Protein chains: 2
Amino acid sequence: MSNDEALLARAALSRLFEPSDAVGLALVAAAGPVHALQIATGAVDPPPDLAAETAPLLSPGGSQGSALAEGLQRWAPRVADLAPDRDLGAIRRLGGELLVPEDPRWPESLRHLQMEMPLCLWVRGDLGRGLPELDRTVALVGSRDATGYGLSIAGDISAGLANRGYTVVSGGAYGIDAQAHRAALASAPAGTTATIAVMACGADRFYPAGNEDLLRTVAERGLVVSEVPPGSAPTRWRFLQRNRIIAALSAATVVVEARWRSGALNTAHHAAGLGREVGAVPGSVYSANSAGCHRLLRDGSAVCVTDAQEVVELAGPLRAVLPGEPNDIGGRAGDSPAGDRRADHDGLSVEDLLLLDALPVRSGSTIGKLASVAGLSLQGVRAGLARLELEGLAVRTEPDQWRRGRH
Amino acid sequence: MSNDEALLARAALSRLFEPSDAVGLALVAAAGPVHALQIATGAVDPPPDLAAETAPLLSPGGSQGSALAEGLQRWAPRVADLAPDRDLGAIRRLGGELLVPEDPRWPESLRHLQMEMPLCLWVRGDLGRGLPELDRTVALVGSRDATGYGLSIAGDISAGLANRGYTVVSGGAYGIDAQAHRAALASAPAGTTATIAVMACGADRFYPAGNEDLLRTVAERGLVVSEVPPGSAPTRWRFLQRNRIIAALSAATVVVEARWRSGALNTAHHAAGLGREVGAVPGSVYSANSAGCHRLLRDGSAVCVTDAQEVVELAGPLRAVLPGEPNDIGGRAGDSPAGDRRADHDGLSVEDLLLLDALPVRSGSTIGKLASVAGLSLQGVRAGLARLELEGLAVRTEPDQWRRGRH
C-alpha cells in the first residue's frame with residue numbers, strides 16, 4: 001500500500017463514515033484503509049475472520065457479530081456519492097491538502113484519541129509553517145452568545161498566549177471562538193501558525209457565514225481543519241465530534257464562558273477524558289454565561305484560570321510554580337488586577353506582630369507599656385523593638401519612647 | 001474546683017494571655033484554670049514536674065525548658081491589671097455572660113481547635129436562644145472594601161441561608177461581614193439566634209464605630225462574642241486569632257470577596273485546617289476583590305459556590321447530590337441564573353441524534369435521503385423515525401416525507 005493509495009482511501013472513507021463511527025474505524029484498524037474501503041463499499045466481501053478480528057475493537061454493547069453487517073447497511077446509501085479524487089482536487093484548489101496518519105506530519109497528539117482518532121484531516125492553509133507541538137497549543141472555547149466580559153477575557157487570554165508563542169485552537173464559531181481566533185491573529189508572531197480553527201463542516205466552507213472574513217484570514221495565516229470532506233454540512237453530531245479534535249490537539253482546554261449546557265463543556269469533557277488539562281474562567285454568579293464554567297470549577301473538572309499566565313502554567317511544561325503559591329513568573333504582577341501582595345508585616349514572627357500591633361502610630365509608648373499591651377515580657381519587647389527598628393517598622397523618639405515607623 | 005472558680009479564673013486568664021498563647025493554654029490544660037492562674041500570676045511557684053508535663057503540649061521549636069519561664073515574664077506586666085470580678089460585672093450589666101468550657105452550653109465545635117481552643121467566650125446577647133448546632137452554621141466572610149457585586153451576593157447567600165434555618169457567622173466588619181449580618185437579621189426566623197458576630201475586641205465595644213447600630217441589633221437578636229475581655233482593643237493579632245473562632249463555629253466558611261491578601265483567606269485556611277468545608281464565590285477576573293477567591297479556587301482550597309443552595313450542600317449534612325451532577329434539590333431552578341438545562345436531544349442515542357440532525361426543519365426528506373445524509377442504513381432510519389415520531393421530534397408529512405417536529 002503506497003501513501004497515495006492510503007490518502008485516496010481515507011479521503012473516500014471520510015465521506016462514507018460519520019465521525020467516530022466505531023465499526024468503520026475498527027474496520028480500518030483491522031484491515032488498513034485501502035482494504036477497509038473495498039469492504040465498506042461492498043466491492044469485496046469481508047474475509048471470514050474479520051468479524052472476529054474487529055469484534056475486540058468495537059465498543060461494548062450491541063450485538064458485535066452483526067456490527068459489521070449493520071455498518072455495511074449504514075454505509076451503502078453513500079457509496080454512490082464517493083468521489084475522493086474530486087474532493088482532493090477541491091481542497092488542493094483552495095491551497096490545502098489532506099493530512100493522513102501515514103504522513104510524518106500527522107500530529108502525534110491525535111493518536112491519543114486511540115480508536116476515535118479521525119481518519120484524516122482536511123486542511124486549508126499552509127502546513128509548511130508546521131503544526132505546533134502539543135505543549136505549545138491551547139484551546140479556548142465558549143459560548144456563541146458571549147457577553148462583553150467573556151469577549152474581553154477571551155481576547156486578553158488569547159493575545160497573551162499568542163504573545164508567548166502558543167497556538168490558540170478553537171472552533172470558528174461566533175462569540176468566544178471568533179474572539180479567540182481574532183486576538184491570536186492580532187498577536188501571533190509572523191511566520192508561525194497563528195491559530196487553528198477546527199470545523200464541523202467541510203474545510204471548503206467558511207461557516208458560519210458571519211465569520212467568513214475571519215476564517216479566510218485564519219486559513220491564510222493559520223489553519224482551518226476538518227475531519228469531514230469538502231462540501232459536508234455542519235450537523236449537531238459533527239459539532240460534538242469536532243470537539244474531541246479541538247481537545248486532542250491542545251495541551252489544555254480553557255472554557256471562557258459557557259451556559260449550564262454548552263458545547264464548550266463537551267470539549268472540556270473530551271479534554272479531561274484524554275488526560276489533558278482543563279481550565280475555566282470564573283465570572284459573575286449572576287451571569288448565565290458563566291454558569292457552565294462555575295459548574296466545571298464546582299465539580300473539580302477544571303482549574304480556575306484568570307489570565308494568560310495561569311493558562312500557560314496549566315498547559316505546561318513550565319509548571320515550576322506550586323499550586324497555591326503566589327506566581328512569580330515574569331510579567332505576572334503587571335497582568336494581575338490585584339497589586340496588594342506585600343504588606344508591612346510579611347514574615348514577622350508572632351511576637352513581632354504582637355509588638356507591631358501594640359506600637360502607637362503617632363505618640364510614643366514605653367517598653368513597660370508595650371509589654372503590657374502586647375502581652376510580652378520586657379526583654380521580649382526590647383529584642384522585638386531592635387528587630388522592628390532594623391526593618392524600619394519601629395522608631396525610637398526618646399530614650400524610652402517608641403512608635404510605629406512610617407514605611 | 002467549682003464552676004464559679006473556673007469562671008473567675010478563666011475571666012482573669014483571658015486578660016493575662018493573648019489569644020492562642022501556646023504556653024498559657026498548655027499551662028491551663030496541665031494544671032486546670034484555677035491553679036494555672038495562681039502559677040501564671042506568680043502567686044504560687046510552678047510545681048517541679050510542671051515544666052516536664054507541659055513540654056509535650058507546647059508547639060515544637062524554641063527551647064521548651066524555658067517556655068514557662070518566658071511565659072511568666074510575658075504575663076508579669078499584666079498581673080496588676082487583673083480584675084475578673086469587674087470584667088464579669090461589665091458583661092453582665094450589658095445583658096451578657098461569660099461562657100466557659102466547663103459550661104454544658106459550651107459549643108463542642110470549639111473543642112476541634114484542641115490546644116488552640118479559646119479560654120472562654122465573652123458573650124453579649126441571649127444565650128437562652130441557644131447556640132446553633134455546627135451543621136446549621138455557616139461563616140460568610142470577605143473584604144471590608146467590598147464591591148456592589150460582593151455585597152449583592154453576600155446578601156443573597158446570607159438571606160438564603162437564614163431562610164433555610166442556618167445561622168450566619170461573621171466578623172462584624174465593614175463590607176461583606178456587615179452585609180452578611182444584615183441580610184441574616186432581615187431573614188432569620190423570630191426567636192432564633194439570627195446571626196453571630198465574633199469580635200477581635202471586647203464584646204462591650206461595637207467596633208468599628210460605623211457598625212454600631214448593626215452590632216447592637218446583632219446583640220439583641222443574635223450574639224456578639226469575643227475571647228478577649230471587655231475593654232480590649234482590636235489588634236492585628238487578635239483579628240487573625242479571631243478568625244479561627246469564626247471557622248471553628250461553622251460547618252463551612254464561604255469567602256464572598258477577598259483580595260489576593262485578605263483576612264478572609266486566613267479564616268478559610270483555619271477552616272481547612274479544622275477539616276471544615278471552604279467555599280469561594282467566583283467573580284470577574286478583572287476585580288481585585290475576587291482575586292483571593294480565585295486563588296482559593298485555583299489551588300483547590302475551596303469549592304466554587306454561586307448561591308445559598310450550593311452553600312447548604314457544602315455545609316451538609318444533606319450531601320445527597322454527587323459532585324458534578326445537576327442539582328435537583330427543590331428551589332434550585334428558581335435560584336439559578338441559568339435556565340437552559342433541558343434540550344430536545346437529551347437522552348437520544350447516537351443514531352437518533354444523527355437522524356435528528358439530518359431531518360429538515362421545513363421541507364420534507366425521504367428515508368433514502370435521510371439514510372445518506374445521516375450515514376445510517378435504511379432500516380436504521382425507519383426505526384429511528386418511529387422513535388423520534390413518538391417523542392414528537394419527527395413528523396411524517398407525506399407517505400415518504402419526513403421533517404423535524406415542532407417541539
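For clarity, every value in this text was computed on a predicted model and none was experimentally measured. Naming convention: chains lettered A, B, ... in sequence-line order (proteins, then strands); numbering from 1 in each chain.
For the pair B:Asp357 (side chain) and A:Thr235 (backbone), a donor-acceptor distance under 3.5 Å is absent. Counting only distance, with no hydrogens or angles, the side chain of A:Arg78 and the backbone of B:Val373 share a donor-acceptor pair below 3.5 Å. In terms of modelled atom types and a separation under 3.5 Å, the side chain of A:Tyr286 and the main chain of B:Tyr149 share no donor-acceptor contact.
Of the residues considered (A:Leu296, A:Asp81, A:Asp156), A:Asp156 shows the highest number of contacts with chain B, using heavy-atom pairs under 4.5 Å. Interface summary for chain A: among B:Ala358, B:Ala374, B:Gly368, the most heavy-atom pairs under 4.5 angstrom belong to B:Ala374.
Distance check: B:Ser377 OG to A:Leu72 CG gives 10.5 Å after rounding to the nearest 0.5 Å. One finds the OG1 atom of A:Thr306 at 7.0 Å from the CZ atom of B:Arg298 (value rounded to the nearest 0.5 Å). Taking CG from B:Leu353 and CZ from A:Arg236, the interatomic distance works out to 6.0 Å, rounded to the nearest 0.5 Å. If you take CZ on B:Arg74 and CG on A:Leu354, they are separated by 9.0 Å, rounding to the nearest 0.5 Å. To the nearest 0.5 Å, atoms NE2 (A:His294) and CG (B:Leu297) are separated by 8.5 Å.
For B:Arg15, the salt bridge (charged side-chain N to carboxylate O under 4.0 Å, His left out) criterion is met by B:Asp87, not counting sequence neighbours. By the side chain to side chain contact (heavy atoms under 4.5 Å, CB included) test, A:Ala200 pairs with A:Pro234, A:Arg238, A:Phe239, A:Arg242, sequence neighbours left out.
Taking the charged nitrogens against the carboxylate oxygens, A:Glu310 and B:Arg295 have no contact shorter than 4.0 Å, which rules out a salt bridge.
When all heavy atoms of A:Val285 and B:Val305 are compared, the closest pair comes out as CG1-O, 4.5 Å.
Contact of B:Gln379 with chain A is made through the side chain alone, with heavy-atom distances under 4.5 Å. Using a 4.5 Å cut-off between heavy atoms, B:Ser152 touches chain A through backbone and side chain atoms alike. Using a 4.5 Å cut-off between heavy atoms, B:Ala76 makes no contact with chain A at all.
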